[in-house]
K.L.:
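Starting off with a structure, shown below.
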Amino acid sequence: MMRIALLGATGSIGASTLDVVARHADQFRITALSAHRNVEDLVTLCQRFRPQIAVIADPACEADLVRRLKSIDVDARVLSGPQGLIEAAQGGHADCVVAAIVGAAGLESTLAAAHAGKRLLLANKESVVMAGALLRAALDAGGGELLPIDSEHNAVFQCLPHGRNSLADAGVRRLLLTASGGPFRGRSREELVEVTPDMACAHPNWSMGRKISVDSATLMNKGLEVIEAHFLFDAAASDIEVVVHPQSIVHSMVEYCDGSVLAQLGNPDMRTAIAYALAWPERIDAGVAPLDLVRIAQLGFEAVDRRTFRCLDLAYQALAVGGIAPTLLNAANEEAVAAFLGGRLPFLAIEAVIEECLARLPSNPISQLSDLIDSDLTARREAQRIIGSLVA
Ligand code: NDP
Ligand code: MG
């Protein structure tokens, strides 16, 4: 029986994970669940999955959670705040941690799970972008394993041989990450001036949380994923290519030196990647409909429109600069996306905030977590200043 701590249980990845877990009650048990402020949904999940620990990240909601759990006779230990998330990630109640919090808020619990040697199922790509080298070191120190849930990285993982020291050793030439192109593929910059948050969140193929949906619309999601692939697979930026594939059926590919290209295909449903990571090295039913290639009929591929969607290049630039630059990029992006979702910033200004923030701040090397957290805060303040000046 694998015991699972699911952090970010009330989100989109959280729901997909619980769906897979519920199909295999004989193999998996939920021992910890977390939410940010959504007490109501967390209580419903606790009633259904009976975890030992329930974490509410916002301490202001703790008393409400305790009261509501008591009223329905659910006997879970309630924790709160960043320390509560860390405890849920590293405690002896879990063998496996699903890191499905969105944004930098997931960093410390992800690192804690790695340090504690858990099987880490990683959806929270922002923590890899911010702290890829520290995460690698934590995994080495803890002796656990990381299984990527992000569909592209899960696909690459499935197409790579295991037990090799490096990509070169495995004969890999390039990683080819596919991108749907998002809801605005084919549009010009002029057509993006009036874009609203609801338009940006209406993804053609995937149903996801609002932050990652906006990232997909700007193509920053693919930029974050290039950086994620760099750290997860130890791949040089020049060996990671992005190709637009509007159907989202090929989830990514690995090109080998003999000319072979291995791809992982499937319907765009995150339960495939989650089930693969939960059961690895075995395979289990994920509840995903079989792929009907005859109905799909066509798989298309095209180049990224880098002139319209500039965030991808900003991410490659941050990776080339190295050090703290990806952390700054992520912080500026999170602030700009929140401002856009809050109706305070136009869609096309998201990239401008990130570019200006990267230009203004030095990209020091990363030595320890505290430096990184300081830089993250500095970048957020700078991004807020830039947002203020852009909308003044
Ligand atoms: P959602 O917005 O749907 O869910 C986010 C989860 O994180 C919720 O449980 C939310 O709690 C919690 N949360 C939000 N803010 C905080 C905080 N400050 N502290 C603690 N917990 C917090 O996001 P997704 O499920 O879409 O995405 C989660 C992660 O997975 C992201 O990093 C995303 O990039 C990645 N990912 C998602 C994919 C998808 O298909 N959705 C695909 C690939 C990667 P509450 O409900 O209380 O707000
Ligand atoms: Mg992805």
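For the numbers below, each heavy atom of this structure counts, side chains included, while hydrogens, waters and symmetry mates do not.
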K.L.:
Any carboxylate oxygen within less than 4.0 angstrom of a Lys/Arg side-chain nitrogen, looking at E335 and R381?
P.N.:
no
K.L.:
Please state whether the rings of H162 and W280 are parallel, tilted or perpendicular, taking 30° and 60° as the class boundaries.
P.N.:
perpendicular
K.L.:
Give a yes or no on whether the backbone of A155 and the side-chain of Q264 come within a donor-acceptor separation of less than 3.5 Å.
P.N.:
no
K.L.:
Would you find more than 12 non-hydrogen atoms of other residues, nucleotides or ligands less than 6.0 Å from D374 atom CG?
P.N.:
yes
K.L.:
Name all pairs fulfilling the salt bridge (charged side-chain N to carboxylate O under 4.0 Å, His left out) condition that reach into residues 188-199, sequence neighbours left out, sorted by first residue then second.
P.N.:
R189-E351, D198-R210
K.L.:
For residues 134-150, please give each side-chain donor-acceptor pair under 3.5 Å, one per line with the distance, not counting sequence neighbours.
P.N.:
unit_1: R136; atom_1: NE; unit_2: F231; atom_2: O; d: 3.4
unit_1: R136; atom_1: NH2; unit_2: L232; atom_2: O; d: 3.2
unit_1: E145; atom_1: OE2; unit_2: R119; atom_2: NE; d: 2.8
unit_1: E145; atom_1: OE2; unit_2: R119; atom_2: NH2; d: 3.1
unit_1: D150; atom_1: OD1; unit_2: K125; atom_2: NZ; d: 3.3
unit_1: D150; atom_1: OD2; unit_2: K125; atom_2: NZ; d: 3.0

K.L.:
What pair of heavy atoms forms the shortest contact from P183 to A202, and how long is it?
P.N.:
CB-O, 3.4 Å
K.L.:
Out of curiosity, does L265 fall in the hydrophobic cluster containing Y276 (side-chain heavy atoms, cut-off under 4.5 Å, transitive links)?
P.N.:
no
K.L.:
So D58 and R37, salt bridge (Lys or Arg N to Asp or Glu O under 4.0 Å) or not? Walk me through it.
P.N.:
CA-CA 6 Å; D58 183 348; R37 295 195 179 116; 2.7 Å; yes
K.L.:
Apply the side chain to side chain donor-acceptor pair (under 3.5 Å) test between E382 and each candidate in Q384, R380, R385; give the one that qualifies.
P.N.:
R385
K.L.:
Using the side chain to side chain contact (heavy atoms under 4.5 Å, CB included) rule, pick out the option among L328, I386, T218, L329 that qualifies with I354.
P.N.:
L329
K.L.:
Are F28 and L122 connected, step by step, through hydrophobic side chains (Ile, Leu, Val, Met, Phe, Trp, Tyr) whose heavy atoms are closer than 4.5 Å?
P.N.:
yes
K.L.:
Taking atom CD1 of I387 and atom CG of L390, what is their separation to the nearest 0.5 Å?
P.N.:
8.0 Å
K.L.:
When you group the ILVMFWY residues by side-chain heavy-atom contacts below 4.5 Å and let the links chain together, are V128 and L372 in the same group?
P.N.:
yes
K.L.:
Of all the heavy-atom pairs spanning A315 and M220, show the shortest one and how long it is.
P.N.:
CB-SD, 4.4 Å
K.L.:
Given L312 and R310, is the side-chain contact (heavy atoms from CB on, under 4.5 Å) satisfied, shown in steps?
P.N.:
CA-CA 6 Å; L312 180 60; R310 294 181 36 241; over 6 Å; no
K.L.:
Mind listing the closest non-hydrogen atom pair of G300 and P246 along with its distance?
P.N.:
O-CD, 3.4 Å
K.L.:
Would one find more than 12 heavy atoms of other residues, nucleotides or ligands at under 6.0 Å from atom CD of E40?
P.N.:
no
K.L.:
Could you go through the salt bridge (Lys or Arg N to Asp or Glu O under 4.0 Å) check for K222 and E152 one step at a time?
P.N.:
CA-CA 9 Å; K222 214 47 57 181; E152 295 74 6; 2.7 Å; yes
K.L.:
Quick check for you: to the nearest 0.5 Å, what is the distance between L293 atom CG and L299 atom CG?
P.N.:
6.5 Å
K.L.:
Would you please indicate if the ring centroids of F347 and F184 are separated by under 6.0 Å?
P.N.:
yes
K.L.:
Is there side-chain contact between D371 and N364, with at least one heavy-atom pair below 4.5 Å?
P.N.:
no
K.L.:
Main chain of I56, side chain of S34: is a donor-acceptor contact present, judged purely on distance under 3.5 Å?
P.N.:
no
K.L.:
Distance check, rounded to the nearest 0.5 Å: E225 atom CD versus L219 atom CG?
P.N.:
10.5 Å
K.L.:
So, for I366 and G323, which heavy atoms are closest and what is the spacing to 0.1 Å?
P.N.:
CD1-O, 3.4 Å
K.L.:
So, for I274 and I13, which heavy atoms are closest and what is the spacing to 0.1 Å?
P.N.:
CD1-O, 4.0 Å
K.L.:
Measuring from D292:CG to N267:CG, what's the distance to the nearest 0.5 Å?
P.N.:
8.5 Å
K.L.:
Go through it in stages, so that I can follow the logic: the residues are E241 and R173, the test is salt bridge (Lys or Arg N to Asp or Glu O under 4.0 Å), and I'd like the CA-CA distance, side-chain angles, deciding distance and then a yes or no.
P.N.:
CA-CA 11 Å; E241 292 224 356; R173 192 187 279 155; over 6 Å; no
K.L.:
Of all heavy-atom pairs between A383 and A332, which one has the smallest distance, and what is that distance?
P.N.:
CB-CA, 4.1 Å
K.L.:
Measure from the side-chain N and O atoms of N154 to the backbone N and O of A273, and report whether any donor-acceptor pair falls under 3.5 Å.
P.N.:
yes
K.L.:
Find the distance between SG (C96) and CG (L120) and round it off to the nearest 0.5 Å.
P.N.:
8.0 Å
K.L.:
Check the pair S109 / I101 against side-chain contact (heavy atoms from CB on, under 4.5 Å), numbers first and verdict last.
P.N.:
CA-CA 9 Å; S109 50; I101 290 174; 4.2 Å; yes
